[in-house]
Chemist: 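To start, I am sharing the structure in question, which I have written as structure tokens.
Here the structure is a predicted model, which is why all the values come from computation and not from measurement. Values reported hereafter were calculated over all heavy atoms of this structure, with side chains retained and with hydrogens, waters and symmetry mates removed. Letters go in sequence order (proteins before strands), and every chain restarts at 1.
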2 protein chains.
Amino acid sequence: MLETSARLLRLLSLLQTHREWSGAELAQRLGVTGRTVRRDVDRLRELGYPVHATAGVSGYRLGAGSTLPPLLLDDDEAVAVAVGLRTAAGGGVTGIEESSVRALVKLEQVLPARLRARVGTLQSMTVPLTAAGPTVDPELLTAVAAACRDHEGLRFDYQSHDGSETTRLVEPHRLVSSGRRWYLIAFDTTRDDWRTFRLDRVRLRTPGGRRFVPRDPPETDLAGYTTRMISSAPYRYRGRFTVHAPAAEVGARFPPAVALVEPLDEGSCTLVSGANSLDEMLFYVMSLGVPFEVHEPGELVDHIRVLIGRLTAALPD
Amino acid sequence: MLETSARLLRLLSLLQTHREWSGAELAQRLGVTGRTVRRDVDRLRELGYPVHATAGVSGYRLGAGSTLPPLLLDDDEAVAVAVGLRTAAGGGVTGIEESSVRALVKLEQVLPARLRARVGTLQSMTVPLTAAGPTVDPELLTAVAAACRDHEGLRFDYQSHDGSETTRLVEPHRLVSSGRRWYLIAFDTTRDDWRTFRLDRVRLRTPGGRRFVPRDPPETDLAGYTTRMISSAPYRYRGRFTVHAPAAEVGARFPPAVALVEPLDEGSCTLVSGANSLDEMLFYVMSLGVPFEVHEPGELVDHIRVLIGRLTAALPD
DNA sequence: AGGGGTTAGGTCAATTCCGGTCCTAGGTGT
DNA sequence: ACACCTAGGACCGGAATTGACCTAACCCCT
């Protein structure tokens with residue numbers, strides 16, 4: 001029944017806006033019997049959303065489960081999420097820029113027009129206040145990210161080092177961020193080869209290209225690109241680790257501009273990573289939550305020793 | 001049928017992750033016939049989500065409608081949204097801090113534990129890099145906001161001006177942000193009166209208070225609080241406007257620390273607003289999208305004249 | 001310790017809906 | 001012109017949904 005699905009969504013929405021609801025109130029809001037509300041709650045639980053309930057006084061509450069339920073946002077909240085994601089994508093060193101862009105593409109694809117305008121104006125208010133250095137236009141960022149995701153060609157003017165402009169027609173493959181910069185890895189169809197473009201030098205043109213079937217980027221090239229990025233990026237330290245987890249799993253956790261992962265055997269791999277401070281580098285590796293060993297740099301080894309000492313001293317007697 | 005609802009959600013999720021899908025592919029992924037997919041698409045459309053379709057080559061695409069569909073995020077995206085919202089809530093001058101906090105409460109309420117940990121560590125990475133001045137702990141912020149939303153009592157230690165600490169038991173009413181600071185308006189049950197607390201001086205204790213029935217805050221007091229905030233806040237300009245829209249509507253668009261709204265008649269009201277620049281102030285009023293008149297300050301009037309001149313000159317012949 | 005309010009869940013009957021299998025029409029791009 | 005895709009009608013057997021009623025268990029407050 002269509003009505004049932006819609007009611008489940010409404011119920012989920014209600015449970016997200018207020019923490020606690022009584023069965024009777026939910027029944028009234030949804031226009032059904034209390035018995036049906038209990039059945040709907042059961043349905044949500046079967047779908048994996050943990051609805052806790054306590055008898056006595058005011059009872060149903062949505063808790064945190066193992067999987068994230070669909071988020072039902074109102075207008076203001078949607079705008080806040082979009083603005084937040086834009087600034088997060090704009091960047092830094094936390095390594096979530098690419099996830100932010102993915103989420104942003106998802107959101108902006110379905111964002112009602114009236115809200116889109118508000119996001120734009122608010123963003124233009126906040127950027128000049130927080131930006132330090134060249135930032136990339138969020139509109140451009142999401143447009144290119146969407147093209148990568150959907151395998152749609154791109155046409156743009158590109159300004160090279162010497163200032164000359166050329167028009168490119170490419171098949172976008174992937175966006176990677178490094179510090180405050182964004183790079184596009186794409187197959188340049190006119191030059192018939194893979195190229196990387198600095199996004200802040202891209203001026204998108206309409207119409208773009210047509211849809212294309214993604215071609216495999218040469219593995220060695222992508223890895224080579226990554227090492228180049230690591231060595232050329234303004235990272236102060238470069239670390240080498242052996243991580244006891246499958247290479248695929250480790251690689252999925254790092255943006256390609258930050259780390260190079262090479263498999264050693266089934267359950268371990270070598271990780272080469274760049275970072276600006278010893279703590280940051282350690283943070284990256286520690287966040288994996290798996291055993292590892294440090295090979296370089298020596299300072300990091302010393303640093304870890306110091307940390308161990310501090311931690312030990314911090315223990316109660 | 002439970003399966004139908006789950007399938008609709010899966011379909012929505014698929015349509016959000018890729019822009020375009022063919023009916024056959026959707027049918028395969030969902031494990032049903034193509035006919036059923038068409039029916040499901042119809043159901044989504046009946047629910048108000050505009051699914052565009054183009055015949056010929058690969059066809060279904062989710063567009064932007066009048067209402068935001070439920071967002072279905074994967075783990076990384078959820079973490080990105082949470083981190084983005086936390087920094088957006090942490091502050092500034094854009095006026096979306098309170099929406100951010102509301103969205104954040106919604107998200108963190110249902111965020112799986114494994115993701116919560118990642119949000120925390122990532123946040124701790126980014127804060128020391130971007131913070132300038134005292135920021136408020138996002139955990140505290142969401143906890144207090146949730147208590148306001150759900151009418152749950154709070155117990156905390158409060159550090160007053162002279163450094164002395166007292167334990168308070170309050171019924172939280174509302175959070176307001178002003179610049180980088182957050183204030184809690186609450187009814188202090190031990191002192192039996194309304195108080196405002198600076199959030200960065202609050203140290204939450206467990207357990208909190210019990211649920212309470214919200215009492216009406218004295219209207220005059222809240223308005224008085226707002227004017228006090230405006231005059232005491234570090235705003236450089238203070239503007240006075242007549243806005244041709246109902247007071248309730250205008251008031252809903254501003255955080256209370258930014259603007260004071262008083263009704264004139266059915267369809268218009270007086271707006272007193274603080275801002276740090278003429279452009280920012282103008283932005284606030286312009287964003288309403290309704291007619292208005294400027295009374296103060298004189299500089300703003302001059303500024304508007306200049307802007308009009310520039311805009312006029314910008315017109316093509 | 002007791003009572004009121006609330007969640008939980010079983011059962012039953014009537015209604016309604018769902019999914020698959022046909023079918024044809026109409027559009028797009030090659 | 002042809003292949004491929006979306007759109008939608010008709011039909012049918014099986015299955016799910018809903019509301020009503022009733023009982024059990026639980027929590028909080030007095």
Side-chain angles (χ1 to χ4, degrees), chain A residues 1-12 14-15 18-47 49-63 150-153 207-213, chain B residues 1-11 14-15 18-47 49-63 150-153 189 207-213:
Chain A
M1 203 191 284
L2 174 66
E3 205 172 327
T4 310
S5 306
R7 201 180 51 234
L8 279 186
L9 243 51
R10 287 236 309 282
L11 177 56
L12 213 45
L14 288 177
L15 287 175
H18 251 4
R19 176 121 74 194
E20 296 213 319
W21 295 86
S22 76
E25 196 163 1
L26 289 175
Q28 192 193 342
R29 293 238 183 184
L30 299 174
V32 289
T33 322
R35 184 68 184 90
T36 302
V37 169
R38 283 199 291 279
R39 272 195 276 249
D40 281 354
V41 169
D42 264 351
R43 275 190 262 262
L44 287 186
R45 291 202 256 248
E46 274 186 66
L47 285 175
Y49 309 127
V51 183
H52 303 124
T54 54
V57 51
S58 79
Y60 291 102
R61 143 197 270 132
L62 184 59
D150 300 326
H151 312 308
E152 281 172 354
R210 63 185 54 181
R211 215 165 298 113
F212 63 90
V213 290
Chain B
M1 201 191 285
L2 175 66
E3 203 172 329
T4 310
S5 305
R7 200 181 52 234
L8 279 186
L9 243 52
R10 286 240 307 283
L11 177 55
L14 289 177
L15 287 175
H18 252 358
R19 176 121 74 195
E20 295 211 321
W21 295 85
S22 77
E25 196 163 1
L26 289 175
Q28 193 194 342
R29 293 239 182 184
L30 299 174
V32 289
T33 322
R35 183 69 184 88
T36 303
V37 168
R38 284 200 289 280
R39 270 195 278 249
D40 281 353
V41 168
D42 265 351
R43 276 189 261 264
L44 287 187
R45 292 202 253 249
E46 273 185 69
L47 285 176
Y49 309 128
V51 182
H52 303 123
T54 55
V57 50
S58 81
Y60 291 103
R61 142 198 273 134
L62 183 59
D150 300 326
H151 311 308
E152 283 172 353
T189 52
R210 62 185 54 180
R211 215 164 299 112
F212 63 90
V213 291

Chemist: Within the 4.5 Å heavy-atom criterion, are A:Leu44 and A:Leu62 side-chain neighbours or not?
Modeler: no
Chemist: For a quick test of reading the model: is some side-chain N or O of B:Arg61 closer than 4.0 Å to OP1 or OP2 of D:dT6?
Modeler: no
Chemist: Quick one: salt bridge (charged side-chain N to carboxylate O under 4.0 Å, His left out) partners of B:Arg10, sequence neighbours excluded?
Modeler: none
Chemist: Taking the side chain as C-beta and beyond, is there a heavy-atom pair between A:Thr4 and A:Arg43 under 4.5 Å?
Modeler: yes
Chemist: Just the rounded figure in Å: distance from C1' of D:dT17 to CG of A:Asp40.
Modeler: 10 Å
Chemist: Rounded to the nearest Å, what distance is computed from the CG atom of residue B:Leu11 to the P atom of nucleotide C:dG19?
Modeler: 12 Å
Chemist: Can you tell me if the side-chain N/O atoms of B:Arg43 get under 4.0 Å from OP1 or OP2 in C:dG19?
Modeler: yes
Chemist: Within this structure, what is the CG-to-C1' distance between A:Leu8 and D:dT17, rounded to whole angstrom?
Modeler: 12 Å
Chemist: How many Å lie between CG on B:Asp42 and P on C:dC17, as a whole number?
Modeler: 15 Å
Chemist: So how far is it from B:Tyr60 OH to B:Asp40 CG, rounded to the nearest 0.5 Å?
Modeler: 10.5 Å
Chemist: Determine, step by step, whether A:Arg7 and A:Thr36 satisfy the side-chain contact (heavy atoms from CB on, under 4.5 Å) criterion, reporting the C-alpha distance in whole Å, the side-chain angles of both residues, the deciding distance to 0.1 Å, and the verdict.
Modeler: CA-CA 10 Å; A:Arg7 201 180 51 234; A:Thr36 302; 3.5 Å; yes
Chemist: List the residues meeting side chain to side chain donor-acceptor pair (under 3.5 Å) with A:Asp150, not counting sequence neighbours, and say none if there are none.
Modeler: B:Arg19
Chemist: Under 4.0 Å: is that the gap between some side-chain N or O of A:Arg7 and OP1 or OP2 of D:dT17?
Modeler: no
Chemist: For the pair made of CG in B:Leu44 and C1' in D:dT6, what is the distance, rounded to whole Å?
Modeler: 16 Å
Chemist: Just the rounded figure in Å: distance from C1' of D:dC27 to NE2 of A:His52.
Modeler: 17 Å
Chemist: Could you state the atom-to-atom distance from CD of A:Glu25 to P of C:dT7 in whole Å?
Modeler: 11 Å
Chemist: Could you list, one pair per line, each protein nitrogen or oxygen that sits under 3.5 Å from a nitrogen or oxygen of nucleotides 20-22 of chain C, together with the distance?
Modeler:
residue : atom : partner : partner atom : Å
C:dG20  : OP2  : B:Thr33 : N            : 3.3
C:dG20  : OP2  : B:Thr33 : OG1          : 3.0
C:dG20  : OP2  : B:Thr36 : OG1          : 2.4
C:dG20  : O5'  : B:Thr33 : OG1          : 3.0
C:dG20  : N7   : B:Arg39 : NH2          : 2.5
C:dG20  : O6   : B:Arg39 : NH1          : 3.4
C:dG20  : O6   : B:Arg39 : NH2          : 3.4

Chemist: Name all residues meeting the salt bridge (charged side-chain N to carboxylate O under 4.0 Å, His left out) criterion together with B:Arg45; count only those two or more places apart in sequence or in a different chain, and write none if there are none.
Modeler: B:Asp42
Chemist: Would you mind reading off the bend of the helix from C:dA1-D:dT30 to C:dT30-D:dA1 from its two end axes, five pairs each, to 10 degrees?
Modeler: 70°
Chemist: Answer yes or no: does a side-chain N or O of A:Thr4 lie under 4.0 Å from OP1 or OP2 of D:dT18?
Modeler: yes
Chemist: When rounded to the nearest 0.5 angstrom, what distance separates CG in A:Leu8 from CG in A:Leu30?
Modeler: 9.5 Å
Chemist: Which residues pass the side chain to side chain donor-acceptor pair (under 3.5 Å) test with B:Arg38, not counting sequence neighbours?
Modeler: none
